[in-house]
There are 2 protein chains.
Amino acid sequence: MPATAADPQLDAFAAAFDDFVRAAKRARARVEPDALLTTSQYDLLCPLLDAGDGAPLGLRELARAAGVSAPTATRMIDGLAARALVTRERSADDRRAVRIALTEDGAAAVHQQRARQHARRRALFDQLSPGERRAAARVLARLATAYERVEH
Amino acid sequence: MPATAADPQLDAFAAAFDDFVRAAKRARARVEPDALLTTSQYDLLCPLLDAGDGAPLGLRELARAAGVSAPTATRMIDGLAARALVTRERSADDRRAVRIALTEDGAAAVHQQRARQHARRRALFDQLSPGERRAAARVLARLATAYERVEH
DNA sequence: TATTGTTATACTCTATAACTATA
DNA sequence: TATAGTTATAGAGTATAACAATA
């Protein structure tokens, strides 16, 4: 029935991949409900925390890093500013630009989210034997580079 | 600075995990734009294809399998029915229930999506050496079970 | 009373196109 | 003309609460 010959190894790989994706999705759904930030908001604000100490960044910069369009970032920042998690000010040197910075509450929220993510990673890690840990790190890194080489 | 002692192995695992997630997200973004179905729609309709040959299922059944609420499934089915990818009929035996079935176009759309997913998996698989393929299948399966055991 | 599904409502995420203001 | 950002518009996905119809 299939157009291509069956490949048991590929089938095993695909099945494992599916199981992994589904398990990760369920795990995320279990944790997300009471988080202060959605995943998208976390991705958008992360560069501000990494820039450190209230250092502001431009909207375009945040949008590009998070992989969203500028209007999407504007909308998201609207909501986050309304919750007083970020400030948005017109830049003095270039009056077209805005300078977006984390408030204390905003930095705390991003920190909290990061800590949760670390805790989840650690809980997963803790389930593995030492050999499995090494294998997992190697495989995930390898898959990441493989993805980048697939029909760019 | 960190509250817990540094663990280079955990750090390597977490970094590899992050890289993997980001690479997967980028790959998905590259492929999705011209697909007939979104990922959510595909997840909702998959059980209908698996049930086979126009066999109808109830709305609640589809919602539960896809992990969404009943109103969400109703909305999604509204859109899919408007595009003539599914039919929705009141059941004769239980007049509360609706029977949702794929049309020919709907089945073709789900098939197409599945074929694309397989092609992407295969392309990734093809990047790996035989040893890496075995290791990847083993690790992904292991991580899936580990997820299920994390603070249920 | 319990179940199936829909409507009402509300919010987030997402994009493209058109616009403003500044450089 | 080019760049930074916003507004307008549109649509998907998501949920909870309230409802209708049927069992």
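Just so it is clear, the model here is predicted, and its values are computed rather than measured. So you know, we letter chains A, B, ... as the sequences are listed, proteins then strands, and number each from 1. Side chains are part of it too, since the values below use all heavy atoms of this structure and drop only hydrogens, waters and symmetry mates.
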Colleague: Atom CZ of A:Arg60 and atom P of C:dA21: how far apart are they, to the nearest Å?
Modeller: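 Distance, rounded to whole Å: 17 Å.
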
Colleague: Check this for me: B:Arg95, atom CZ, are more than 12 non-hydrogen atoms of other residues, nucleotides or ligands nearer than 6.0 Å?
Modeller: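 12 or below, so no.
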
Colleague: Send over the distance from A:Leu59 CG to C:dT20 C1', rounded to a whole Å.
Modeller: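 For the pair A:Leu59 CG and C:dT20 C1', the rounded distance is 15 Å.
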
Colleague: What is the distance, to the nearest angstrom, from the NZ atom on B:Lys25 to the P atom on C:dC13?
Modeller: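 Between P of C:dC13 and NZ of B:Lys25: 11 Å.
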
Colleague: Does A:Ser40 place a side-chain N or O at less than 4.0 Å from the phosphate oxygens OP1/OP2 of C:dT12?
Modeller: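 No.
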
Colleague: Would you kindly compare B:Asp78 and A:Gln41 by the position of their nearest DNA chain C nucleotide and give the one closer to the 5′ end?
Modeller: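 On the 5' side of the pair lies B:Asp78.
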
Colleague: Phosphate oxygens OP1/OP2 of C:dG5: is one of them under 4.0 Å from a side-chain N or O of B:Thr74?
Modeller: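 False: B:Thr74 side-chain N/O out of range (4.0 Å or more) of C:dG5 OP1/OP2.
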
Colleague: How is A:Gly79 classified with respect to the nucleic acid when contacts are heavy atoms under 4.0 Å: base, sugar-phosphate, or nothing?
Modeller: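 Since no nucleic acid heavy atom lies under 4.0 Å of A:Gly79, the category is nothing.
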
Colleague: Quick one: do A:Glu132 and B:Arg138 make a salt bridge, cutoff under 4.0 Å?
Modeller: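 Looking at B:Arg138 together with A:Glu132, the answer is no, because their closest N to O distance does not fall below 4.0 Å.
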
Colleague: Using the six-membered ring of A:Phe125, assess whether NZ or CZ of A:Arg133 lies under 6.0 Å from its centre and within 45 degrees of the ring axis.
Modeller: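 So A:Arg133 does make the cation-pi contact.
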
Colleague: Is a donor-acceptor pair below 3.5 Å formed from side chain A:Arg75 to base D:dT9, judging by atom type as modelled?
Modeller: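 Present.
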
Colleague: Quick check on DNA chain C: between A:Asp94 and B:Ala73, whose nearest nucleotide comes earlier from the 5' end?
Modeller: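 Looking at DNA chain C, the more 5' nearest nucleotide goes with B:Ala73.
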
Colleague: Using whole Å, what does the distance between atom P of nucleotide C:dC13 and atom CG of A:Leu44 come to?
Modeller: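 A:Leu44 atom CG is separated from C:dC13 atom P by 9 Å.
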
Colleague: If the cut-off is 4.0 Å, is B:Ser69 near the phosphate of D:dT14, judged by side-chain N/O to OP1 or OP2?
Modeller: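 B:Ser69 to D:dT14 OP1/OP2: no side-chain N or O under 4.0 Å.
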
Colleague: Using whole Å, what does the distance between atom P of nucleotide C:dT6 and atom CD1 of B:Ile77 come to?
Modeller: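 After rounding, the gap between these two atoms is 9 Å.
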
Colleague: Determine, for B:Arg116 against B:Asp34, whether the closest basic-nitrogen to carboxylate-oxygen distance falls under 4.0 angstrom.
Modeller: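 Yes, this pair counts.
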
Colleague: Give the nucleotide from the list D:dT14, D:dA12, C:dG5 with an atom nearest to the side chain of B:Ala97.
Modeller: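 Nearest to the side chain of B:Ala97 among the choices is C:dG5.
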
Colleague: Using atom CZ of A:Arg88 as one end and atom C1' of D:dG5 as the other, report the distance to the nearest whole Å.
Modeller: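 In whole Å, D:dG5 C1' and A:Arg88 CZ are 9 Å from each other.
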
Colleague: Name the nucleic acid region contacted by B:Asp43, choosing base, sugar-phosphate or nothing; use a 4.0 angstrom heavy-atom cut-off, strictly under.
Modeller: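 It contacts nothing in the nucleic acid.
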
Colleague: Taking atom P of C:dT12 as reference, at what distance in whole Å does atom CG of A:Leu37 sit?
Modeller: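 So the two atoms are 12 Å apart, to the nearest Å.
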
Colleague: Write down the distance between CZ (A:Arg96) and P (C:dT22), rounded to a whole number of angstrom.
Modeller: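 Checked: the CZ to P distance equals 10 Å.
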
Colleague: Please tell me whether A:Tyr147 and B:Arg22 have a donor and an acceptor in their side chains that are separated by less than 3.5 angstrom.
Modeller: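 Short answer, no.
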
Colleague: So, is B:Thr72 near the phosphate of D:dG13, with a side-chain N or O under 4.0 Å from OP1 or OP2?
Modeller: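 No.
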
